[in-house]
Amino acid sequence: MSEEMHQERPGAAPGSGPVPALPELLRRWPVLADVAATRELFWVNPQAWPASRALPTVPLGPADVDDAARRLERFRPYLAQVFPETAPQGGRIESALRAAPALQQALARAAGRPFPGRLLVKLDSHLPISGSIKARGGIYEILKLAETVALDRGLLRPGDDYTVLASPAARELFAAYSVAVGSTGNLGLSIGIISAALGFRVTVHMSADAKAWKKTLLRSKGVRVVEHASDYSLAVAEGRRQAQDDPFCHFVDDENSRDLFLGYAVAGQRLKAQFEEQGLVVDRDHPLCVYLPCGVGGGPGGVTLGLKLAFGDAVRCFFAEPTSAPSMLVGLCTGMHEAISVRDLGLDGRTEADGLAVSRPSGFVGRALEHCIDGVFTVRDQTLFRLLALAAQTEGLRLEPSGLAGFPGACRVAMAQAAGPEGALPTTTHLVWATGGGMVPPETWAAYEARAAAIGAGPDAPPLF
């Protein structure tokens with residue numbers, strides 16, 4: 001194990017009660033010294049268990065994921081009609097799986113070390129409708145809401161063609177209901193776009209971290225956007241408060257929603273099918289390591305559950321977070337989950353990876369998956385922008401900063417394996433989940449490229465790894 005990788009001894013950490021002062025936090029969990037100093041690190045979860053032991057502790061299981069998958073199948077005719085970009089896949093919201101050999105070679109050169117195995121990229125960055133991983137969970141939750149309302153009000157009956165939900169009668173029905181959500185950006189896009197298409201009145205509470213172009217796009221779809229000078233957590237709290245005052249308002253709770261979580265979890269079944277279609281084997285002798293950018297935790301958490309159900313112990317799942325906002329790492333490491341914030345360590349949570357700018361993790365995800373998450377690693381903004389340029393130059397991949405966060409983890413794991421006493425398994429597949437970037441406007445992309453060029457060309461540019 002390289003010196004960049006930390007493994008904490010299991011400790012008796014409180015799940016509630018006051019957060020200890022910083023000196024006590026650092027004494028009890030030494031890895032937090034590197035967290036507080038915003039150093040890039042890789043933390044191996046000592047509470048990760050084999051799938052046979054871990055999965056029974058998760059409050060959602062295969063029957064729940066299968067139910068979500070069937071619901072998405074029922075909506076395919078509706079989605080194909082209302083969103084023509086989904087028509088080539090028959091109304092299925094799914095992304096491509098592709099190899100990235102040129103980028104893999106470039107990463108090895110940048111690190112000066114071998115990168116054995118195979119590097120793949122899951123392009124949720126280019127999912128139809130809203131161009132990020134949030135098109136899975138966010139759209140699923142609103143589709144389930146629409147189905148529930150339509151069934152309750154007699155507009156829809158089991159076995160009906162779901163294109164009826166695109167009718168004027170359906171829009172009139174849904175207009176009596178509203179949707180609220182708090183977001184740093186991409187979840188707001190997915191919720192806003194699908195809710196407006198169905199006819200719901202929708203309000204997206206956006207934190208200060210959200211990009212201006214995302215707010216502009218939402219407003220162009222008829223979505224009400226409320227901007228907050230505060231961070232993600234307070235934007236969510238305002239959305240929750242709005243819903244509590246209105247019995248006809250559905251609040252999408254990014255921190256605690258099981259529906260969001262299940263929408264993401266369907267990705268496990270889908271990925272397994274893609275591997276089979278491409279003749280890729282995943283088993284004990286052909287392990288799969290997956291690297292998932294993490295904000296509050298719902299997206300990577302749901303995908304992790306789906307992957308563990310699909311591949312068992314043959315898959316290992318690692319979360320990626322910014323050095324300024326490693327909320328899931330801090331919550332898991334201490335066992336305090338949502339009771340502790342990165343601000344307790346003196347971090348401000350500010351990052352160009354807006355989808356990951358979360359100071360406090362989801363307690364639901366942390367507790368549900370504390371034995372399924374294999375580790376968490378952190379990445380600097382400077383590293384993300386250098387990777388942005390590298391991915392574009394080598395593979396033509398245009399990914400927003402948050403969507404690139406998984407690549408450093410793949411490099412560290414592969415290179416640590418190669419440096420080990422037995423070397424790396426050449427049959428290991430390293431899969432980076434690219435979570436966003438497909439809808440970035442040209443002017444924003446140009447600004448990203450300019451920043452990447454400035455960082456890469458400067459004499460004081462930090463090492464990539």
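Predicted model only: the values in this text are computed from it and were never measured.
- Remark: Arg360 does not engage Glu255 in a salt bridge, criterion side-chain N to carboxylate O under 4.0 Å.
- To the nearest 0.5 Å, atom CD of residue Gln104 and atom CZ of residue Phe407 are 10.5 Å apart.
- When all heavy atoms of Leu388 and Ala452 are compared, the closest pair comes out as CD2-CB, 4.3 Å.
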Full working for side-chain contact (heavy atoms from CB on, under 4.5 Å) between Val365 and Val296 = CA-CA 8 Å; Val365 173; Val296 75; over 6 Å; no
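- Val413 is listed as a side-chain neighbour of Phe42, based on a closest heavy-atom distance under 4.5 Å.
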Leu262 and Asp67: CA distance, side-chain angles, deciding distance, side-chain contact (heavy atoms from CB on, under 4.5 Å) verdict = CA-CA 9 Å; Leu262 289 170; Asp67 178 64; over 6 Å; no
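- Note that CG of Asp259 and CD1 of Ile142 are 9.5 Å apart. Values are rounded to the nearest 0.5 Å.
- Within the 4.5 Å cutoff, the side chain of Val35 has heavy atoms near those of the Leu329 side chain.
- Of all heavy-atom pairs spanning Arg258 and Pro59, the tightest one is NH2-CB, 3.8 Å.
- Within the model, atoms CG of Leu72 and CZ of Arg136 stand 9.5 Å from one another, a figure rounded to the nearest 0.5 Å.
- Under the 3.5 Å distance criterion, the side-chain polar atoms of Asp64 are matched with a main-chain donor or acceptor of Gly61.
- When every heavy atom of Ile139 is checked against every heavy atom of Ser130, the shortest pair comes out as CD1-OG, 4.4 Å.
- Closest approach of Gly138 and Ile191 over heavy atoms only: O-CD1, 3.3 Å.
- The residue from Val379, Leu399, Leu390, Thr435 that alone fulfils the side-chain contact (heavy atoms from CB on, under 4.5 Å) condition with Leu404 is Leu399.
- Checked by atom type, the side-chain pair Thr383/Glu40 shows a donor-acceptor distance below 3.5 Å.
- Between the side chain of Lys122 and the main chain of Ser95, a donor-acceptor pair closer than 3.5 Å is present.
- Residues Leu309 and Val65 form a side-chain contact, since some pair of their non-hydrogen atoms from C-beta on lies under 4.5 Å apart.
- Between the CG atom in Leu307 and the CG atom in Leu288 there is a gap of 7.0 Å [rounded to 0.5 Å].
- Under the 3.5 Å distance criterion, the side-chain polar atoms of Ser257 are left unmatched by any main-chain donor or acceptor of Asp254.
- Within the 4.5 Å cutoff, the side chain of Tyr448 has heavy atoms near those of the Pro401 side chain.
- Counting heavy atoms from C-beta outward, Trp49 and Leu55 have side chains that stay 4.5 Å or more apart.
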Hey, mind stepping through Asp374 and Lys308 against side-chain contact (heavy atoms from CB on, under 4.5 Å) and telling me if it holds?
-> CA-CA 11 Å; Asp374 291 285; Lys308 294 288 184 176; 2.9 Å; yes
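- At least one donor-acceptor pair under 3.5 Å links the side chain of Arg343 to the backbone N or O of Asp348.
- Counted within 6.0 Å of CZ on Arg270, heavy atoms from surrounding residues, nucleotides or ligands total more than 12; the atom is thus considered enclosed.
- For the atom pair CD of Glu443 and CH2 of Trp213, the computed distance is 10.0 Å after rounding to the nearest 0.5 Å.
- Under 4.0 Å is where a charged nitrogen must lie from a carboxylate oxygen, and between Glu141 and Lys144 no such pair does.
- Put simply, the side chain of Ser195 never gets that close to the backbone of Gly192: no donor and acceptor are under 3.5 Å apart.
- Pairs of residues two or more places apart, or lying in two chains, that qualify as ring-ring contact (aromatic ring centres under 6.0 Å, His included) and include a residue from residues 238-269 are Tyr177-Phe248, Phe261-Phe364.
- Although no hydrogens or angles enter the test, the distance criterion places a donor-acceptor pair under 3.5 Å between the side chain of Asp344 and the main chain of Ser341.
- Using a 4.0 Å cut-off between charged nitrogen and carboxylate oxygen, Asp313 and Arg284 do not count as a salt-bridge pair.
- Smallest separation of non-hydrogen atoms from Gly406 and Pro293: N-CG, 4.2 Å.
- A donor-acceptor pair under 3.5 Å is formed between the side chain of Ser183 and the backbone N or O of Gly188.
- Annotation for Arg224: atom CZ does not count as buried by contact number, only 12 or fewer foreign heavy atoms lying within 6.0 Å.
- Between Tyr291 and Phe377, the two ring planes are perpendicular [angle over 60°; tilted spans 30° to 60°].
- Side-chain atoms of His205 do not come within 3.5 Å of backbone N or O of Val226 as any donor-acceptor pair.
- Side-chain atoms of Gln47 never come within 3.5 Å of backbone atoms of His371 as a donor-acceptor pair (strictly under, hydrogens ignored).
- Two residues are said to be in side-chain contact when any heavy atoms from C-beta on lie closer than 4.5 Å; Glu395 and Arg98 meet this criterion.
- Within the structure, ring-ring contact (aromatic ring centres under 6.0 Å, His included) pairs that include any residue of residues 93-144 comprise Phe115-His430 (at least two apart or interchain).
- Closest heavy-atom contact between Leu332 and Gly366: CD2-O, 3.8 Å.
- In this structure the side chain of Glu321 never reaches within 4.5 angstrom of the side chain of Val342, judged on heavy atoms.
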Test Lys134 against Leu189 for side-chain contact (heavy atoms from CB on, under 4.5 Å), laying out the working first.
-> CA-CA 8 Å; Lys134 303 299 184 180; Leu189 282 181; over 6 Å; no
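- Between the side chain of Thr378 and the main chain of Leu41, a donor-acceptor pair closer than 3.5 Å is present.
- None of Glu227, Glu352, Glu400 except one satisfies the salt bridge (charged side-chain N to carboxylate O under 4.0 Å, His left out) rule with Lys211; the exception is Glu352.
- How far CG of Leu119 is from CG of Leu107: 7.0 Å, rounded to the nearest 0.5 Å.
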